[in-house]
Amino acid sequence: MDKDIESILLSEEDIQNRIKELGQILTEEYAGKNPVIIGVMKGVVIFFSDMIKQIKVPCQMDFMWISSYAGTTSTGNMVVRSDISADIEGRHVLILEDIYDTGNSLTFVREHLLKKNPASLKICTLLDKPSRRKHGITLQADYVGFEVPNAFVVGYGLDYNEYYRNLPYIGILKPEVYTD
Ligand code: IMP
Ligand code: MG
């Protein structure tokens with residue numbers, strides 16, 4: 001285990017097993033629909049590459065990159081830094097996300113993509129932290145890997161100050177690691 005990690009919340013095996021289960025559900029859901037699968041950068045990249053291999057239907061992939069105007073925590077003032085390149089009008093779209101926290105990011109991404117008139121738009125998030133949902137946000141993810149408690153987690157794409165994304169598991173950092 002990495003020296004900065006206090007405990008492992010989800011092991012590599014936990015994650016891979018759940019991705020296989022979700023893969024079966026999504027394979028059935030998207031049979032014959034040739035979906036466009038969109039990842040929200042950067043935290044999703046590791047999940048995205050494992051998840052897409054388990055969705056066994058013809059599909060296309062695309063990415064978008066969003067950020068908040070201020071700071072590292074999402075504020076609700078989101079901006080598209082890099083948009084998708086596919087034309088999704090009339091297409092079945094599945095958004096993949098690393099974690100659904102306050103809900104600001106996914107609410108913004110969803111509204112942005114809905115303006116492009118997809119035939120359908122669903123959300124699959126690896127982690128859901130419902131206890132953190134901002135007041136007034138009622139959007140639910142259609143598919144959830146794991147519900148997690150209100151703790152800051154890293155690994156498997158999730159970062160703290162851009163580090164720890166490469167850990168193959170999801171863990172909780174030791175308190176002394178935090179600098180802010
Ligand atoms: P939201 O807009 O608050 O739902 O936050 C979504 C984004 O915040 C995620 O895509 C992550 O990049 C980041 N985030 C939220 N919670 C965590 C966490 O526990 N660890 C690492 N990143 C997080
Ligand atoms: Mg992030």
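In this chain, residues are counted from 1 in sequence order. Order of appearance sets the numbers: ligands from 1, and atoms from 1 within every ligand. What you see is a predicted model; the values in this text were computed from it and never measured.
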So is [X] close enough to ligand 1, meaning a heavy atom under 4.0 angstrom away?
X      : answer
Lys129 : yes
Leu106 : no
Gly103 : yes

Within the 4.0 Å heavy-atom shell around Ser105, which atoms of ligand 1 are there?
1 (P), 2 (O), 5 (O), 6 (C)
Taking 4.0 Å as the limit for heavy-atom contacts, which would you say applies to Leu158 with ligand 1: side chain only, backbone only, both, or neither?
side chain
Logged contact type for Glu97 with ligand 1, heavy-atom cut-off 4.0 Å, is side chain
Evaluate the ring planes of Phe48 and Phe63, with Trp represented by its six-membered ring, and classify them as parallel (under 30°), tilted (30 to 60°) or perpendicular (over 60°).
tilted
Less than 4.0 angstrom from a charged side-chain N to a carboxylate O is my criterion; do Asp50 and Lys20 meet it?
no
Taking Lys129 first and then Glu147, would you say they form a salt bridge - that is, a charged N and a carboxylate O separated by under 4.0 Å?
no
Cation over ring, Arg133 on Tyr100, under 6.0 Å and within 45°?
yes
If we check side-chain hydrogen bond (donor to acceptor under 3.5 Å, both in side chains) with Lys134, which of these qualifies: Thr102, Asn104, Asp101?
Asn104
What I want to know is whether Phe152 and ligand 1 share at least one N or O pair that is separated by under 3.5 angstrom.
no
Restricting to heavy atoms, the pick from Val109, Ile99, Asp98 nearest atom 23 (C) of ligand 1 would be Ile99
Pick whichever of Asp159, Asp101, Asn104 has a heavy atom sitting closest to atom 15 (C) of ligand 1.
Asp101
Does a side-chain heavy-atom distance below 4.5 Å link Leu121 with Arg110?
yes
Exactly one of Leu106, Asp128, Val109, Leu127 should register a side chain to side chain contact (heavy atoms under 4.5 Å, CB included) with Glu97. Which one does?
Leu106
